[in-house]
Amino acid sequence: MLPVVVVHGGAGYIPKERSELSISGVCSAVQAGYTILQGEGSSMDAVVEAVIQMENNPAFNAGCGSVLNIKGEVEMDALVMDGKTLGSGAVSAVRNIANPIQLARLVMDKTSHACLTAEGASQFARSMGIPEVPLESLITEYSRMRWKKNLAPDANPVECQMLGTVGAVAVDKEGNIACATSTGGMLNKMEGRVGDTPIIGSGGYADNLLGAVSTTGHGETIMKITLARLILFHMEQGQSAEAASDLGLAYMKSRLEGLGGVVTVDPQGHWAARFSSNYMAWAAAQEDTLHYGLYTGEHFTQKA
Ligand code: ASP
């Protein structure tokens, strides 16, 4: 069954003309993660590489392509968690770096803290030799267009639902489990707003004894129910990765009318990509097979 890597490219509404970009983006990211798992790489190496690929892909709301805050700037959140040690690293409201997930991993590996924010995170990035990139290099024409549209008092709420946060979970040959999640957050958010993504238990969680989850959806809602940890709680109670994911998402919907999506793995390498939103681009690679889909019920396979 082992190893496996599963990624998502964000829950929400994806306009038809952008669906191909999302699908090809998640498929190439999962392939990159899977190549690492087939070599000597760990699940942590695999999830970080898969997320870097999507941060570098302007189709997603992470790294280049992040949504803009109310001032038209980019502030990003990211989280990694290592299921072997329960170590985690996160950055929040970080600016001017291309790959927040890399910085989150450095917070885990090189500091005694779990999360660095804003200017402190930037200072740490500098001290680690991570180059600063201009704000403009993270902004796409598309994100600027959406920002402008959503400044209008009669903004279309459907546009606001196009999210595109990215995440990955993996189990490697040794049975070690990891998760990674990265986002530009919510469209036209207040300056300094931090969502669920960098919060362990909400944006993601990994424990070798239980499994791992990476989440996407409205952050303020996800945090209220600590979605990632809630799903792992259900797995602890004997539910499968798929049933536990559905239970967590169903609770968020019934309790708070919140929609979202998750990718989940268990310690044996069973996996699930589940969502209550209309769409979530996702892909998984296991036993030389690539699985992917976008709409509810869609599941294509091809050789990985
Ligand atoms: N959860 C992210 C946030 O609230 C958004 C998303 O998943 O698209 O920042």
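Below, each value reflects all heavy atoms present in this structure, side chains not excepted, and no hydrogens, waters or symmetry copies. Just so you know, ligand 1 is whichever comes first in the structure, and atom 1 is the first atom listed for that ligand. Model, not experiment: these values are computed from the prediction.
The side chain to side chain donor-acceptor pair (under 3.5 Å) analysis of residues 119-130, with sequence neighbours excluded, yields the pairs Glu119-Arg126, Arg126-Glu132.
In the vicinity of Met186, heavy-atom distances shorter than 4.0 Å reach the ligand 1 atoms 4 (O), 5 (C). Remark: ligand 1 atoms within the under-4.0 Å shell around heavy atoms of Arg193 are 3 (C), 4 (O), 9 (O). Listed by number with element, the atoms of ligand 1 under 4.0 angstrom from any heavy atom of Gly185 are 9 (O). Taking every heavy atom of Thr216 and a limit of under 4.0 angstrom, the matching atoms of ligand 1 come to 6 (C), 7 (O), 8 (O). Taking every heavy atom of Asp196 and a limit of under 4.0 angstrom, the matching atoms of ligand 1 come to 1 (N), 2 (C), 3 (C), 4 (O), 9 (O). Residue Thr165 approaches ligand 1 through these ligand atoms, each under 4.0 Å from one of its heavy atoms: 2 (C), 5 (C), 6 (C), 7 (O), 8 (O).
Contact annotation: for Met280 versus ligand 1, there are no heavy atoms closer than 4.0 Å.
Using a distance-only test at 3.5 Å, with no hydrogens or angles considered, no donor-acceptor pair links the side chain of Gln31 to the main chain of Cys27.
Of the options Arg274, His234, Gln239, a side-chain hydrogen bond (donor to acceptor under 3.5 Å, both in side chains) to Asp246 is made by Arg274 and by none of the others.
Under 3.5 Å, the side chains of Ser143 and Thr140 contain a donor-acceptor pair of N or O atoms. Of the N and O atoms on the side chains of Thr165 and Thr183, at least one donor lies less than 3.5 Å from an acceptor on the other residue.
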Under 3.5 Å donor-acceptor pairs involving side-chain atoms of residues 203-214, not counting sequence neighbours:
residue: Asp207; atom: OD1; partner: Leu209; partner atom: N; Å: 2.9
residue: Asn208; atom: OD1; partner: Lys84; partner atom: N; Å: 3.4
residue: Asn208; atom: OD1; partner: Ile177; partner atom: N; Å: 2.8
residue: Asn208; atom: ND2; partner: Asn176; partner atom: OD1; Å: 2.7
residue: Ser214; atom: OG; partner: His8; partner atom: NE2; Å: 3.0
residue: Ser214; atom: OG; partner: Thr181; partner atom: OG1; Å: 2.8

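In this structure, Gly217 has a heavy atom closer than 4.0 Å to ligand 1.
For His291 and Trp282, the ring centers are positioned 6.0 Å apart or more.
Taking only nitrogen or oxygen atoms, main chain and side chain alike, Ile222 does not reach within less than 3.5 Å of ligand 1.
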